[in-house]
Amino acid sequence: MSTDTASAEPESGLLRGLNVTVTAAALLFWAGVLYWAQTQAISQVRYATAFVGGIMTVYALNETRLAIADGDWIDGAVLIPASLALMTASAFFAVNFQDVYLQRQGYALEHEYMLARLVILSLMYLTWREFGNVFLGLIFAVFGYAMYGNLVPGVLGHAGMQQATLLQATVTDLYGFYGSLTQITASWIAPFLLYAGLLFAYGAFDLILRVAIVAAKYIESGIAQTAVLSSAVIGSINGSYTANAAMTGSFTIPTMQEAGMSGHRAAGIEAVASTSGQVLPPVMGASAFVMASYLGVPYLDIVVAGLTPAAILVVAISIGVHYLAISDSSSQDMEFSEFFDDELSTEKKVFEALRFGVPFGILIYLLGVAQYTVMTSALYTVVAMMVTGVLMPPLQRVVDNSGTSPIGELVTQVKNTVHGIRRGAIILAPIAIILVVISGVVNLFSTTGIPAKIALLLINISGGVLLFAVLLGMVVAILMGVGMPTVAAYVIVAILIVPTFVSDFNVAPITAHYTMFYAAILAGITPPVATAAVIAAGIAEANFWRTCGAAIRIAAPLFVLPVAFVYNPALISMDPGLNTLYVGLLVLLGAVTIIYGLNYPFKMRPGRKVGARALLATLGVLIMAYPSDLAKIAGIAAFAAVFVAEKVMIRGLKLPFGRGASQ
């Protein structure tokens, strides 16, 4: 026994040491990020190389700590050298930036090629570790295609690529892994994820949950709507539907099940809420930043253009969740005391509103009114969040005179700030890894000329018909979204598919990008992979296929919206007006028609119920996608007639097709 104790003590000490080191590394990393955001003392490319080294340091230390805590010493032993290779390369390229980037474009020294090989191997391991076999297979396929394209027959073939050229395109020329996507991540996305980490640490999401529970008292489908609200808000920030499903689902799914809801329905609701959160402003799962960069427009314009589609989706999903919840045998009653020990006092509510409202107000003002850059706006928002996050609770203690020491509260909030800084780096790391890899893939695509070849192929397969081209693009986006975050899938289809829509089908660039962005989101709930549904079903211990069925019923309009964007371009506008609202309302009513048809608990015989659902779903698709306003209005009128007739039947009127409808 003494031997076991002795062996356990060093391990415990090692874990404590790693824990402190992760925090210290995160503090240094964010200090560098904020310093560069304020001064921009070095070029963006050079900063990107240093950024990769810094975030990989935090990732390696944290994941090594977790691996050792789980007893997986092999993983920990591989993590350290893999990350050391990336850190060494980043430091080398940052220090020797003038020679590497300016003097030796198109060739490199032998030791630089060797370092590039180590970078590729290390990124492959970290990619596999974080995102699994499917995404790793995709990367290997891209590398193989780049090197051996001369063996590919037909229009997709190319001259091939020497190993040295591959290493230059991905690493040594600093256009690949350290290219545009990595630079966007370092300068735009990273500060927002620090903001997200601080929100977590200061309890903002606890506050969101409180608001959701209070609001749920006034809604019949209360518990389920709480899941939608909390998951959607968090999903907008963290950028991963899998992480969101795991994070919020661990609370919302058991809560819905305790209220009597069946497991597959609870899991389906959570999967949809986690997935759809990525369309919500202001962060939009990091995709808005990439889109703004590709289109060369202010970030705020991308957010504004997405408001109407996001509203359509949120309203439709909320109605679908409502119908699904009331058709179940669950009670949907929520008692506040079941989740929180005490309600917030009036003073506490005021201080919490100021604590989180002031930084968010600064963000909106700087982006929307003062027209500051994304990076500068995020910098000032983070600083404001730290100030209000630390100072408001001690001020509240002084005002309410509760006897609690303001100094003690100040110390607590400083500790929370440190925790939030660390949390922000841990949230950022997986997103940074995959965007670094995708940045290299995008450069290989450009080098091989594959986007133009895909454009020819897409036109040939679709026969020049826009609808077929959009559907094919959606299939590609869903396949790309298997095993990777939405932002990564969107980047690939934005490179491969969007140019074809713009140049050959005359689709507006913003519409084409939003079409593929929404299509990329679908992978989270589309079988046979449906990673968000997999995680949610696992938490609920429910059948995967039934979970997917419930999720698709709720999110059915999401599968139609990409087509609706193309045929109703007024939906996506960076300068929305009355026409945008008018078209948005018509499309929303089409989405509601689909939701009503698929989810409403009709009291009909099974055969007639199936027929009614199919008819209404088809009608809703036509209302959403068909470009004629007159046809939309006629479809809406037909839906209204069915809706009113069904309500009349429930009130007791006997109609030939409503036998058994009244109870």
A.B. asks: I'd like to know if the side chain of Thr515 reaches the main chain of Thr511, judged simply by a donor and an acceptor atom lying under 3.5 Å from each other, with no hydrogens or angles considered.
C.D. replies: yes
A.B. asks: Is Leu581 close to Pro576 at the side-chain level, that is, under 4.5 Å between some pair of heavy atoms?
C.D. replies: no
A.B. asks: Please check this pair: side chain of Asn599 against backbone of Ile595, looking for a donor-acceptor N/O pair closer than 3.5 Å.
C.D. replies: yes
A.B. asks: Return yes if some donor-acceptor pair links the side-chain N/O of Gln257 with the main-chain N/O of Ser262 below 3.5 Å, else return no.
C.D. replies: no
A.B. asks: Of the non-hydrogen atoms in Ala469 and Ser462, which two are nearest, and what is the gap between them?
C.D. replies: N-CB, 3.6 Å
A.B. asks: Tell me whether the rings of Tyr596 and Phe639 are parallel (<30°), tilted (30 to 60°) or perpendicular (>60°).
C.D. replies: perpendicular
A.B. asks: State, with a plain yes or no, whether a side-chain heavy atom of Val476 is found less than 4.5 Å away from one of Met516.
C.D. replies: no
A.B. asks: About how many Å separate CG of Leu295 and CD1 of Ile302, when rounded to the nearest 0.5 Å?
C.D. replies: 5.0 Å
A.B. asks: Compare all side-chain heavy atoms of Tyr518 with those of Val563 and state whether any distance is below 4.5 angstrom.
C.D. replies: no
A.B. asks: With a cut-off of 6.0 Å (strictly less than), are more than 12 heavy atoms of other residues, nucleotides or ligands near OH of Tyr626?
C.D. replies: no
A.B. asks: Rounded to the nearest 0.5 Å, what separates atom CG in Leu181 from atom CD1 in Ile438?
C.D. replies: 8.0 Å
A.B. asks: Leu616 and Ile594: side-chain contact (heavy atoms from CB on, under 4.5 Å), yes or no, with the steps?
C.D. replies: CA-CA 6 Å; Leu616 285 168; Ile594 297 175; over 6 Å; no
A.B. asks: Of the options Leu280, Thr308, Leu561, Val272, which is the one that meets Leu313 in a side chain to side chain contact (heavy atoms under 4.5 Å, CB included)?
C.D. replies: Leu561
A.B. asks: Please work out which of the three classes, parallel, tilted or perpendicular, describes the rings of Tyr600 and Phe602, given edges at 30° and 60°.
C.D. replies: perpendicular
A.B. asks: Assess the residue pair Leu467 and Tyr567 against the criterion (side-chain contact (heavy atoms from CB on, under 4.5 Å)); give the C-alpha distance rounded to whole Å, side-chain angles, the decisive distance to 0.1 Å, and a yes or no.
C.D. replies: CA-CA 9 Å; Leu467 176 61; Tyr567 287 102; 3.3 Å; yes
A.B. asks: Verify, without hydrogens or angle tests, whether Arg546 (side chain) and His264 (backbone) share a donor-acceptor contact under 3.5 angstrom.
C.D. replies: no
A.B. asks: Do you know the tightest heavy-atom contact between Gly464 and Phe505?
C.D. replies: O-CE2, 3.4 Å
A.B. asks: If you take all heavy atoms of Ile312 and Gly584, which pair is closest and at what distance?
C.D. replies: CD1-O, 3.7 Å
A.B. asks: Before you tell me yes or no, could you show the steps for Arg265 and Leu324 under side-chain contact (heavy atoms from CB on, under 4.5 Å), namely the whole-Å CA-CA distance, both residues' side-chain angles and the distance that decides it to 0.1 Å?
C.D. replies: CA-CA 8 Å; Arg265 288 183 171 179; Leu324 200 67; 3.9 Å; yes
A.B. asks: May I ask you to test the Met624-Asn568 pair for a side-chain heavy-atom distance under 4.5 Å?
C.D. replies: no
A.B. asks: Say you draw a straight line from OG1 of Thr618 to CZ of Arg613; how long is it, rounded to the nearest 0.5 Å?
C.D. replies: 13.5 Å
A.B. asks: Less than 4.5 Å apart, any side-chain heavy atom of Phe200 and any of Ile427?
C.D. replies: yes
A.B. asks: Report yes if the side chains of Thr185 and Leu428 come closer than 4.5 Å at any heavy-atom pair, otherwise no.
C.D. replies: yes
A.B. asks: Step by step, work out the side-chain contact (heavy atoms from CB on, under 4.5 Å) result for Val475 and Leu479.
C.D. replies: CA-CA 6 Å; Val475 171; Leu479 292 176; 4.1 Å; yes
A.B. asks: Search all heavy atoms of Ile253 against all heavy atoms of Ala267 and return the closest pair with its distance.
C.D. replies: CD1-CA, 4.1 Å
A.B. asks: Do Leu138 and Phe135 have side chains that approach each other closer than 4.5 Å (heavy atoms only, starting at C-beta)?
C.D. replies: yes
A.B. asks: Could you tell me whether Asp575 atom CG has more than 12 heavy atoms of other residues or ligands within 6.0 Å of it?
C.D. replies: no
A.B. asks: With rounding to the nearest 0.5 angstrom, report the CD1 to CZ distance, Ile552 to Phe559.
C.D. replies: 5.0 Å
A.B. asks: Could you report the tightest heavy-atom contact between Leu571 and Ala564, atom names first, then the distance?
C.D. replies: CD1-O, 4.1 Å
A.B. asks: On a heavy-atom basis, which atom in Ala266 and which in Met256 lie closest, and how many Å separate them?
C.D. replies: O-CE, 3.4 Å
A.B. asks: How long is the straight-line distance from OG1 of Thr580 back to CG of Leu585, given to the nearest 0.5 Å?
C.D. replies: 12.5 Å
A.B. asks: Please work out whether the ring planes of Tyr490 and Phe517 are parallel, tilted or perpendicular, with thresholds of 30° and 60°.
C.D. replies: perpendicular
A.B. asks: Let me confirm one number: the OG-CG distance from Ser276 to Leu558, rounded to the nearest 0.5 Å.
C.D. replies: 8.0 Å
A.B. asks: Does Lys632 reach the main-chain N or O of Ile623 with its side chain, forming a donor-acceptor pair under 3.5 Å?
C.D. replies: yes
A.B. asks: Give me the one residue out of Val442, Leu457, Leu458, Ile454 that meets side chain to side chain contact (heavy atoms under 4.5 Å, CB included) with Leu496.
C.D. replies: Ile454
A.B. asks: Would you mind reporting whether Tyr514 and Val279 have side-chain heavy atoms less than 4.5 Å apart?
C.D. replies: no
